[in-house]
Structures are given as C-alpha cells and as structure tokens.
Number of protein chains: 2
Amino acid sequence: MIQEGQREELSTETRSLRASGLTDEIGFLIARAKLVTLELVDEQLEEFGLKRQSYATLSLACTEYGLTQRELAASLKVDPSRLVAILDELQGRNLVVREVDPADRRSRTIRATDAGRQLCAQAAESVRRVEELLLGEIPAGERATIMGALRRIAFPSPRP
Amino acid sequence: MIQEGQREELSTETRSLRASGLTDEIGFLIARAKLVTLELVDEQLEEFGLKRQSYATLSLACTEYGLTQRELAASLKVDPSRLVAILDELQGRNLVVREVDPADRRSRTIRATDAGRQLCAQAAESVRRVEELLLGEIPAGERATIMGALRRIAFPSPRP
DNA sequence: TATTGTTATACTCTATAACTATA
DNA sequence: TATAGTTATAGAGTATAACAATA
C-alpha cells in the first residue's frame, strides 16, 4: 500500500498544473485523458495489427448496415480521402471488401469479411478492458454517469 | 423546441455506430469527445491568436513556479523539441521570456510577461465557457462527478 | 452540373537522433 | 560522461484541391 505516499507527495509538475487552473478546464482534462486512454487502446490493438482508426472502421464494417465510404467517413469524423488509405490496408489484409453499389455505381459499400469479423470480435474484447483499467475502482453508478456524459459530449445536440 | 424530433430521428450513422458497439467503448467516446471539445476550445482561443498548446504553455508560465523547459514539456506531455517552437512564438509576441537559470546555466526558466498574464487571463475566461457549452444542462452534482472522473483518467495513479 | 472515390499536396503534430553548451 | 536546449528530419494525421467515373 503506497496510497498514502502517492496522495501526499505532489510533484512540482502537478502543483504548477493545479496552480495554473488547467486542471479545472474541461479542454485540458479531455485532451490529456484522451492521450492516456488512447495509449492504452493502442497497446490492446497492437497484437491485432490494428490502429485506432482501422479498428473503428472495421467495427462499423461488421454491422448489418452496408455503409458507403462517404457515410463511414462521416460517422468516424475522418476525411474521406484519409479513409482510402485505411481501407486499402484493411482490404489488403482481407478484413473488408469494397462492393460497388448497384443503385449508384459511384459508391462503394464496405463490408467486413468473415476473417474481419473474427478479428474485430477479438480486438473488441481486448479494447473493452481499457474501461476496466481506467474506471475499475469507480462504483458502477458513477461509471454509468461518466460514460453517459462522455456520450453526451461526443454527440452533442446541434448548436443554434 | 425541436427536442422531440432530435431524440426520435436517428441517422444511419448514429444507428450503425450504436450497432457496432463503439458508442459503449471509452476509447472511442473520449477520442470523439476530445474532437468536439477541442474544436470549441480552438474557437475560443482564436481571437487571442493562441492554440491549445501555446495557451497551456502560457498558463503554466503564469504561475509562481518558475518551470524549466524540461519541466514544462513533462507537465504538458509535449516533446521538449516541440516546445521550442511554441516558446519561440510566445516569446516573439512578448508573452513569455526565457531566463537562464543561474544555478544551472543549461536550463531556461520560463516566465510570463505582464502582457502574457493579461492575455492569459482573458483567454482563460473564454476557455471556461466551453464547460458551460458542453455540460451546461447537467446538474452540478453530476458535473462534479464528471470533472473528477476526467481528472482521474488524465492523471492515473502509476501502473504496476 | 454535382457527387463518389481517388490522388496529390501542404500543414500540423509527433518522435528520434544529432549537435552545442554547460555540468 | 551526462543533461538542457536546439536543430533537422522523418512519420502520422488533417485538410484542400483537383481528377476520373458516374449520376
């Protein structure tokens, strides 16, 4: 048990961050929380050869909805031109396929292959451990509040 | 009042994100929340000619603690080499100064100028509005829980 | 003419290694 | 020799414009 010590000894860095007021600003906190969290996510994804964006893309490709690249890009807030490289890589590994939409032959519908579904399911299991690592000691009720709040921030109702 | 409509009509994007399970993953939510939040922060900072990192750097330079570049970089999780450009810009605008540390002449202590303090105070006021924009409708108690959780995620106790 | 996917390009940020001056 | 700040450089990610195929 080193908890006492941890609570008492504040490093110069922590003290000055507090004094600056940054630790009370949601922008600073979220930016830093994202750094910490995504580092853990990256660790979990490494063994599957996936990165944040390719994992998210693959996840969406595994749903019943056949999304076009345009829709995929909008859903993930990734530029359509950026998605091209992500899909090239996933398709090169036979995890997804681009299917020409018969209704509009300009569009490509993205679907996961069986191999893609299998890999995604494994990766998803690993990724879910991150919440445990970060919020494991927080009571379930508060945890739901926090996840709900993140969802609310991530998907805000449109501003006037 | 369009709230009813907003709650009912789920776009294809939202539906497929839910189906994929991504909206239950803390990594995805935080990454997206960070995108949304920092966009608002950038908006607030624009009129002051500051960016996220230069604002955070300036904020720390305004404290009583005379931090060296090394300490500043560690506090902000920014690479020391990256900090050079940030400080060059701030110093060029006479918002901070680099002072050679007499005790160790290799180190530079960073301090805000009066102009820097003034600008930072104004910018901080604007930046704090972002929390209101994002969490304004959430009751104060839950808000404290959320900010506390973000602080906890952003500054995790060291892993074994 | 407008849109989808694509390519090319520039810009920012990140990460690394090498250099200098001090220790 | 080791460290603080700096410089140079390569690598990701983001954003923009232009192009071919299709509508």
Side-chain angles (χ1 to χ4, degrees), chain A residues 12-13 27-28 31-32 34-36 38-39 41-42 45-46 49-57 60-61 66-92 96-111, chain B residues 12-13 27-28 31-32 34-39 41-43 45-46 49-57 60-61 66-92 96-111:
Chain A
T12 312
E13 277 94 23
F28 177 78
R32 191 169 173 122
K34 181 254 183 184
L35 239 55
V36 171
L38 275 292
E39 199 173 320
V41 170
D42 290 346
L45 289 177
E46 196 180 7
L50 293 170
K51 296 194 231 164
R52 303 153 191 191
Q53 290 183 330
S54 52
Y55 167 68
T57 304
L60 274 180
L67 298 182
T68 67
Q69 294 186 203
R70 221 76 196 179
E71 292 168 327
L72 224 41
S75 298
L76 297 175
K77 290 205 174 220
V78 166
D79 201 89
S81 69
R82 168 85 192 113
L83 190 60
V84 173
I86 296 169
L87 287 173
D88 284 350
E89 212 248 320
L90 289 174
Q91 191 165 25
V96 305
V97 288
R98 288 167 161 103
E99 293 173 355
V100 175
D101 182 348
D104 181 345
R105 300 188 46 241
R106 290 172 303 182
S107 299
R108 310 286 143 103
T109 301
I110 308 302
R111 293 190 192 279
Chain B
T12 311
E13 277 93 23
F28 176 78
R32 192 171 172 120
K34 181 253 183 186
L35 240 54
V36 170
T37 305
L38 274 291
E39 200 174 319
V41 170
D42 290 346
E43 270 177 36
L45 288 178
E46 196 179 8
L50 293 170
K51 297 193 232 167
R52 303 155 189 190
Q53 290 183 328
S54 52
Y55 167 68
T57 304
L60 274 180
L67 298 182
T68 66
Q69 293 186 206
R70 221 75 195 180
E71 293 168 326
L72 225 42
S75 299
L76 298 175
K77 290 206 174 217
V78 166
D79 200 89
S81 68
R82 169 86 192 111
L83 190 60
V84 173
I86 296 169
L87 287 173
D88 284 350
E89 212 249 320
L90 289 174
Q91 191 165 24
V96 305
V97 287
R98 288 166 162 105
E99 293 173 355
V100 174
D101 182 348
D104 181 344
R105 301 189 43 243
R106 290 172 303 183
S107 298
R108 312 285 145 103
T109 302
I110 308 303
R111 294 191 190 280

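The structure displayed is predicted, hence computed values, not measured ones. Numbers restart at 1 for each chain; the letters A, B, ... are given by sequence-line order, proteins then strands.
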Integer-rounded Å distance: [N] [atom2] and [X] [atom1]:
| X | N | atom1 | atom2 | value |
| --- | --- | --- | --- | --- |
| Glu89(A) | dA12(D) | CD | C1' | 13 Å |
| Gln53(A) | dT14(D) | CD | C1' | 9 Å |
| Arg108(B) | dT6(D) | CZ | P | 6 Å |
| Glu99(B) | dG5(D) | CD | P | 13 Å |
| Gln91(B) | dG5(D) | CD | C1' | 13 Å |
| Ile86(A) | dT7(C) | CD1 | P | 14 Å |
| Leu83(B) | dA4(D) | CG | C1' | 12 Å |
| Asp42(A) | dA15(C) | CG | P | 10 Å |

Are Asp42(A) and Lys51(A) ion-paired here, with the side-chain N under 4.0 Å from a carboxylate O?
no
Could you tell me the separation between the [atom1] atom of [X] and the [atom2] atom of [Y], rounded to the nearest 0.5 Å?
| X | Y | atom1 | atom2 | result |
| --- | --- | --- | --- | --- |
| Thr57(B) | Leu90(B) | OG1 | CG | 6.0 Å |
| Arg106(B) | Thr68(B) | CZ | OG1 | 11.0 Å |
| Leu38(A) | Arg52(A) | CG | CZ | 4.0 Å |

Closer than 3.5 angstrom, by distance alone: can the side chain of Glu39(A) be matched with the main-chain N or O of Val36(A) as a donor-acceptor pair?
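The answer is no, because no donor-acceptor pair under 3.5 Å joins these two groups.
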Checking the side chain of Glu89(B) only, and the main-chain atoms of Ile86(B) only, is there a donor and an acceptor separated by less than 3.5 Å?
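Not at all, since once roles are kept as given, no pair shorter than 3.5 Å links the two residues.
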List the protein contact pattern of nucleotides 16-23 of chain D with one symbol per nucleotide (5' to 3'): B for base contact, S for sugar-phosphate-only contact, - for none; contact means a heavy-atom distance under 4.0 Å.
B----BBS
Can you list, in residue-number order, the parts of residues 67-76 of chain A that come under 4.0 Å of DNA chain D, counting heavy atoms only?
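Those residues whose heavy atoms fall under 4.0 Å from DNA chain D, taken from residues 67-76 of chain A, amount to none.
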I'd like to check Arg111(B) versus Val96(B) (side-chain heavy atoms, cut-off strictly below 4.5 Å). Are they in contact?
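They are not in contact (no side-chain heavy atoms under 4.5 Å apart), so the answer is no.
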Between dT4(C), dG13(D), dT7(C), which nucleotide gets closest to the side-chain atoms of Ser107(A)?
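When the side chain of Ser107(A) is considered, dT4(C) is the closest of dT4(C), dG13(D), dT7(C).
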Sequence-distant partners of Arg98(B), salt bridge (Lys or Arg N to Asp or Glu O under 4.0 Å), two or more places apart
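So Arg98(B) forms a salt bridge (Lys or Arg N to Asp or Glu O under 4.0 Å) with Asp88(B).
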Around atom CD of Glu46(A), are there more than 12 heavy atoms of other residues, nucleotides or ligands at under 6.0 Å?
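For Glu46(A), atom CD is not crowded (no more than 12 foreign heavy atoms under 6.0 Å).
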